[in-house]
Structure formats: structure tokens, C-alpha cells
Amino acid sequence: MTLEQALSQIKGPDKQAEQRALDRWASVAKPLGSLGLLEENVTRIAALTGDSGYTIEKRAVAVLCADNGVAAQGVTQTGSEITALVAKNLTIGQSCVCRMARLAHCDVIPVDVGICTDVEAPGLWNRKIAYGTADLSQGPAMSRDQAEQAVLTGIELVRQLKELGYKIVATGEMGIGNTTTAAAVSAALLGLSARQATGRGAGLSSLGLERKIQVVEQALKTHKPDPQDPIDAIAKVGGFDIAGMAGMFLGGALYRVPIIVDGLISAAAALCAARMSPSSRCAMIASHVSAEPAGALLLEELGLKPMIVAGMRMGEGTGAVAALPLLDMGFDIYRGMSNFEEIGMDAYVPQQ
């Protein structure tokens, strides 16, 4: 399947399933709309899947691991070797998202989409596009063909996860330098300056932040990524993890699997997907708002509201996984709570 073919097959939400879910919520014995985003997201998932009785018992977080050539410009605290190290730790349950995922009953699936070395680790899915991107401060990060290949890889990943029985997928990433690429993509798509879009990432000093801003500014000035062509933006200033996650959001809409947006990098990928196919928004569930400068702006552009505001900027899909217990609570009330008739109470009536 080509990318063009995939995009042409993406549909919007099922309005009938959405109405059935809304009717069920209206019958639950509680004040109308009082669970806010828990209700909205359960309804959103029903509309995506076409099933008002959908369940999310089997879930995964797919952590897309890739290196970024721009790390050579001193925009990070650590070197690219850390990407491979963390990718291996993900396979043995030794990372932050692994511990959180155990509590959320969520499988962790690390995926190599562009680590700059070969990582021998059972459990690491090898979908490598290339051995890291080029340095975006010196030239385009990747070719357009590579960007499209990475997007298609993300689409295919969702298809495979659905075949394995997963009902909801959280997005995650690991890659030294990827807050720089995400800032550049966000600036390009939102029309922001480098300073407005760029944050400290994994804790840069003020001097390091200034260097990072200069790198993003120069890349935007040199490559002039097209805000109306997300593949162009990804190819010029993005990363394989961003491209792959953009494909996951498209795949979620294509294969009717809800995909949870994590933080800055995931949200930048989600906006790329939405620019390719506006209908793909129906597959997106916002987990939290990143503490990075562009985090809230990306969600606002997507028309998504975060369930969690906790100042998180960890990455790895930690924010997306943290949202799963909230969704579980919403689904439990949706499915199991008594209705007004059962408890002998008059139903609430919508008030203006």
C-alpha cells in the first residue's frame, strides 16, 4: 500500500456509534457530563471503532527508537549512544515507562526505526529505516522517500498490533536529539519562531538552550520546510520517530484503533498526521500536555484536550501510559454504573 492509497481510505468517526455512547452516558446515574474528558474520550473511542461496547483491556505502548544527527551540535546533555542503551533497557523492563506500564497493565513494545547502531536485544522490533538521520543543521534530515517509508512503517505497525489483539495503543519515543527535531517540526507547522517552539528537553542549561534555539532557527531558515506539506517538514527537519508516530496516528484511523498522544514529540507527529489527513484526528486521544513550550500549542491546533496536566516531559510514552488508568475508570463507569431507573431517581435534564 502506498501512502496516497492509505490516506484515501481513512474515514471520519461513526456518528451512530457516537450517539449510542452519548445515550448511554446520559442514562448513567450521575450529573450529566460530570466526568468531563473521561466521558468524551470513551465516546470518542466508540465513534472511532463503530462499537459503543468497545473495550480496551489489551493495550500496548509502542516506543519508537531513533537517532538524530543533530545531536552532534551539542543540543543534548548526552550522546547518541544512550538511544541504543535505553532501547535495550526497554526490552528488559528497566525504564520509567516499563515500570509505569506494569501498573497500567500495558505491554511495552520497543521498535527500532532508526537507531544509529544495531542493537541485539530479544523483544526489540526491527523496523530500521536508516542508521539515524543526517544532521539537520548541515542538510535535510532524510530524503522524502525515507520520510514516506517511515510513515508507512508506523501505519503497518498499527495493523500488526491490531492483529495481535491490541485494542488501544499508546505512542512513545526514545532518541537523543528528538526534542530539537520536534521543536523544528512544530515551528514549521505552527508558524512559530525557533525561540517560541524550543525548550530545554532533558534539562539543558541556559547556554545549551540558546545553542539549541540557534540550530533550530538556522535549520528553518536554510531548509524552509513547507507547513502545508508535513512530509516535507519531516524530511527536512524531523526524525524517524516523528515520521513513524505520524504513521501510527494514520494507522489508528485507517484500522480503527485508538492511539494515545504522549508529549511534545508525539503531538508534533499527530499534527503531521492531521495535516496529511484531517480525518485521522478521530483516532487521537490526548493524554497530557507537555511542559515543553510547543506542547499546549500543538494540542490546541489539533483540537485535543489533555486529561493530565502534570508538568511531565519524560518521553518514552510515560504520559500516554499514565492516561490508561483514567480511561479504565471512565470505561468502568460507562459499562457498569446503574442508570436512573434502576436506582429510582429522575434523570437529570440538560440545563442551559
Side-chain angles (χ1 to χ4, degrees), residues 10-60 100 103-106 162 165-171 249 252-262 267 270 274 278-289 296 298-310 312 319-352:
I10 292 175
K11 301 175 183 177
D14 182 325
K15 293 297 184 181
Q16 291 183 333
E18 180 182 46
Q19 188 58 54
R20 290 195 297 271
L22 290 170
D23 290 344
R24 167 57 189 163
W25 276 120
S27 75
V28 172
K30 62 168 190 59
L32 298 175
S34 56
L35 287 175
L37 288 172
L38 301 191
E39 294 187 40
E40 290 181 29
N41 285 326
V42 168
T43 303
R44 191 177 185 88
I45 289 170
L48 168 71
T49 61
D51 181 1
S52 59
Y54 194 80
T55 61
I56 58 168
E57 275 79 5
K58 187 171 183 180
R59 67 282 298 270
M100 294 173 70
L103 291 173
H105 309 290
C106 178
K162 182 175 182 177
Y166 290 104
K167 307 296 288 291
I168 189 168
V169 180
T171 53
F249 293 114
L254 180 61
Y255 297 114
R256 315 315 276 182
V257 177
I259 309 294
I260 306 179
V261 184
D262 186 39
S279 294
S280 68
R281 283 183 172 90
C282 69
M284 302 173 187
I285 304 293
S287 59
H288 76 117
V289 57
L298 288 164
L299 293 182
E300 183 179 348
E301 179 70 13
L302 286 163
L304 298 176
K305 299 176 184 177
M307 290 183 282
I308 301 169
V309 180
M312 297 173 70
V321 168
L324 284 168
L326 288 173
L327 289 173
D328 285 337
M329 293 174 194
F331 270 99
D332 190 67
I333 293 171
Y334 174 78
R335 290 196 305 268
M337 185 72 179
S338 300
N339 61 33
F340 290 106
E341 183 178 355
E342 289 168 339
I343 67 169
M345 175 182 169
D346 290 337
Y348 280 93
V349 176
Q351 301 291 307
Q352 187 171 10

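Owing to the predicted nature of the structure, the values given are computational and were not obtained by experimental measurement.
The side-chain heavy atoms of D51 and R256, taken from C-beta on, include no pair separated by under 4.5 Å. Taking the side chain as every heavy atom from C-beta outward, H288 and D262 approach each other to under 4.5 Å.
For the atom pair I259 CD1 and C282 SG, the distance stands at 10.5 Å (nearest 0.5 Å). Note: L327 CG to N41 CG = 6.0 Å, rounded to the nearest 0.5 Å. One finds the CD atom of E18 at 10.5 Å from the CG atom of D23 (value rounded to the nearest 0.5 Å). If you take CD1 on I260 and CZ on F249, they are separated by 9.5 Å, rounding to the nearest 0.5 Å. Taking CG of L48 as the reference point, atom CD1 of I285 lies at 8.0 Å (rounded to 0.5 Å).
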Checking side chain to side chain contact (heavy atoms under 4.5 Å, CB included) for the pair V261/L302: CA distance, chi angles, key distance, verdict? CA-CA 11 Å; V261 184; L302 286 163; 5.5 Å; no

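Between L299 and A286, the closest heavy-atom pair is CD2-CB, 4.2 Å. Residues A283 and G252 approach most closely at CB-C, 3.6 Å, considering heavy atoms. The shortest non-hydrogen separation linking A253 to S280 is CB-CA, 3.6 Å. The two atoms that bring L38 and L326 nearest to each other are CD2-O, 3.6 Å, heavy atoms only. In this structure, G319 and I308 approach most closely via the heavy-atom pair O-CD1, 4.3 Å. Here the closest non-hydrogen pair linking S34 and E39 is N-OE2, 3.1 Å.
Proximity of a side-chain donor or acceptor of R335 to a complementary backbone N or O of G53 within less than 3.5 Å is not detected. Looking only at distances, a side-chain donor or acceptor of E342 sits under 3.5 Å from a matching main-chain atom of N339. R44 places a side-chain N or O within donor-acceptor distance of the main-chain N or O of M284, the cut-off being under 3.5 Å. The closest donor-acceptor contact from the side chain of K162 to the backbone of Y255 lies under 3.5 Å. Looking only at distances, no side-chain donor or acceptor of Y334 sits under 3.5 Å from a matching main-chain atom of V28. Side-chain atoms of Y54 come within 3.5 Å of backbone N or O of K167 as a donor-acceptor pair.
Within 6.0 Å of atom NZ in K11, 12 or fewer heavy atoms from other residues, nucleotides or ligands are found, so the atom counts as exposed in its surroundings. The environment of E341 atom CD is sparse: at most 12 non-hydrogen atoms of other residues, nucleotides or ligands sit within 6.0 angstrom. Other residues, nucleotides and ligands contribute more than 12 heavy atoms inside 6.0 Å of the CD atom of E57.
Between R59 and D328 a salt bridge is recorded (basic side-chain N to carboxylate O distance below 4.0 Å).
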